Amino acid sequence: MLILLLAYLGGVLTILSPCILPVLPFVFARADKPFLSNGLPMLLGMAATFALVATLTAFAGEWAGAANSAGRWIALGVMSLFALMLLVPRLAAPVTRPLVRLGERLSQHHEGRGTLLSSLALGVATGLLWAPCAGPILGLILTGAALSGASGQTALLLFAYAAGAATSLALALLVGGRVFAAMKRGLGAGEAVRKALGLLILLGVGAIALGLDTRLLANLSSAQTFSLENRLARLLGMDAPELTTDLTGPLPDEGAFPGLPGPTGWINSEPLTAADLEGKVVLVDFWTYSCINCIRAVPYVRSWYERYADDGLVVIGVHTPEFAFERKRANVERAVADARITYPVALDNDWSIWKAFDNRYWPAHYLVDAEGRIRYHHFGEGNYDKTEAAIRMLLAETGKADLGARADGPDFAAQEMQAVAAKRTPETYLGWKRMDNNANPAFERDGRRRYRFPGSLDPDQWAFGGAWTVEKRRAVTAAADAGLVINFAARDLNLVLGSDDGQPRRFRLLLDGKAPGDDAGVDVDAQGYGTITEERLYQLVRQDGGAARRTLEIRFLDAPVAAYAFTFG
């Protein structure tokens, strides 16, 4: 009973985490309906579906990953259909008529009551889309499932976790229902509220389909929820280790390095064994690519690898899947490329390395010294400075006394920029509606004009050169060799670019009058050349030395090119 209570309370805490955000539009779409016949069946369907999918993930193979991936796309289709029926009520009758014969209407008919099966179907679809953060309690449950395989206890624990989350959502839903009812009574806005909900669902579907929900959550923190779950697990007597090792004094001996037994594949490396790592300081990073906590931690791990590899540090990412679709190698390879990970990644689809370490968390960092002993661990996000200090201590033990400056990870980059943060160049728009700090003597709105670069620029000033048409929200080159110049202060410079016809457009940039070399961004080569292939943000400058004030000049070799805004990091 104790572990069931733990699982349930862990799920309740999910409402405090940003990870619940992607499912809120689908839940609140039923907020203005009777709770017992609409909201409750939906939440139960969501909880049961999540428990089933997570149980299959704990022991099933590639077929479960393919089924789950297909199920998510079907769920997105169901949600899109439901949203369209909210936006355009006359679509409901022809769409639901065949389903009524089967007794499974997906939505309401005009202002009729939603059915039990309708709400359950939407709950199932929501459950397929819900992938919560892997906090300590969920990690403990999934680890137990991986160790013991499929069982009734595993399914019950996962359902208890999902039921806890559903309980929090139910309370929010009851409050939301009263708010919507008050709006409809006070403003006569029933139709507007329904259409707003439909639009919100479509936006949610689009965000999930494009992966934008993950990018958003990557910028939000769930560290407080993680800490609360840890304290709860310890309070209830569960075997949940402390978050981090204390660095006051020598690092303790935490046991022998268990090696890397049974990986199902490797990315960025030939297979590695414990023998290959003898005499090396090794950082083992347990992660999985859809875990929001892991996404936020990976840049730090990457910065340590880039900074200390030449000093003898070996970094190994152990990708242990949390959900079935994460077992697919192609998905992991794409995630590794997107995260710019170049160190070895072991595919731990059978959880063999995870079990060898007796791990419980995503992410988890273990440091192994040159003698093959585990000397440090840290679970979850945060304390990156302490982990780097431990890396440096173990490298020093191997004779690397002069390690120089710390890594230029996200924390340290922020520290470097403190001197110029107040003066960092703000986001700079190129359309006339929000234009600021332009150094051209004059420009013509919505008309073609040839411009000249000024002889000098003040800090944060910029200017057009060559033929441009300056529109309300963007500027478009009117001939080849048109360009931009800007005096900026930042580490990174990005520029939103595109071409209306979708054809590739070439450009070249200079940094302080020279090719950027090592300071080239990911979308530019060392000589400053790049190609616009789609409408998006292009990273043009990424300075290895940190933030500095520089002058960038970019020339567009082909036309037309649409330029929207400079952004800085």
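For the single chain, residues carry numbers from 1 onward in sequence order. The shown structure was predicted, so the numbers you read here are calculated from the model rather than taken from an experiment.
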First locate atom [atom1] of [X], then atom [atom2] of [Y], and finally report the distance between them rounded to the nearest 0.5 Å.
X	Y	atom1	atom2	result
Leu552	Asn487	CG	CG	10.5 Å
Asp348	Ile353	CG	CD1	4.5 Å
Ile486	Gln461	CD1	CD	10.0 Å
His365	Phe286	NE2	CZ	10.5 Å

* Please determine if Glu534 and Arg536 form a salt bridge, counting it only when a charged side-chain N lies under 4.0 Å from a carboxylate O. => yes

* Asked: Closest approach of Val281 and Ala370, non-hydrogen atoms and distance?
  -> CG2-N, 4.5 Å

* Structure fact -> All heavy atoms of Asn494 vs all of Leu537, minimum pair found to be CB-CD2, 3.4 Å

* To do: Could you give me the CA-CA distance, side-chain angles and deciding distance for Arg549 and Asp512, then say whether salt bridge (Lys or Arg N to Asp or Glu O under 4.0 Å) is met?
  => CA-CA 10 Å; Arg549 183 164 291 282; Asp512 293 335; over 6 Å; no

* State which residue, out of Val524, Val485, Leu484, fulfils the side-chain contact (heavy atoms from CB on, under 4.5 Å) condition with Leu509. => Val524

* Which of these, Val345, Thr288, Val284, sits in a side-chain contact (heavy atoms from CB on, under 4.5 Å) with Val318? -> Val284

* Side chain proximity check, Leu394 to Glu397, heavy atoms < 4.5 angstrom -> yes

* Asked: Just wondering, do Phe556 and Leu497 contact through their side chains at under 4.5 Å, heavy atoms?
  -> yes

Tell me whether the centres of the aromatic rings in [X] and [Y] are closer together than 6.0 Å.
X	Y	value
Tyr376	His378	no
Phe488	Phe566	no
Tyr305	Tyr300	no

Between the side chain of [X] and the main-chain N/O of [Y], is any donor-acceptor distance below 3.5 Å?
X	Y	value
Arg327	Asn349	yes
Glu388	Trp304	no
Gln539	Gly521	no
Asp523	Leu540	no
Thr425	Ala489	yes
Arg375	Asp369	no

Non-neighbouring partners of [X] that pass side chain to side chain contact (heavy atoms under 4.5 Å, CB included), sequence neighbours left out:
X	answer
Arg555	Phe453, Asp481, Glu553
Glu306	Arg302
Asp525	Gln527, Tyr529

* Asked: Parallel, tilted or perpendicular: which describes the rings of Trp362 and Trp351, with under 30° parallel and over 60° perpendicular?
  -> perpendicular

Please tabulate, for the side chains in residues 260-268, all donor-acceptor contacts under 3.5 angstrom to protein atoms that are two or more places apart in sequence or on a different chain.
| from | atom 1 | to | atom 2 | distance (Å) |
| --- | --- | --- | --- | --- |
| Thr264 | OG1 | Leu347 | O | 3.0 |
| Asn268 | ND2 | Ile341 | O | 3.0 |
| Asn268 | ND2 | Tyr343 | O | 3.1 |

* To do: Identify, with sequence neighbours excluded, every residue that meets side-chain hydrogen bond (donor to acceptor under 3.5 Å, both in side chains) alongside Thr428.
  => none

* **Steps toward side chain to side chain donor-acceptor pair (under 3.5 Å) verdict (Asn359, Tyr366)** => CA-CA 10 Å; Asn359 188 45; Tyr366 295 87; 2.8 Å; yes

* Structure fact -> So salt bridge (Lys or Arg N to Asp or Glu O under 4.0 Å) across residues 258-276, not counting sequence neighbours, yields none

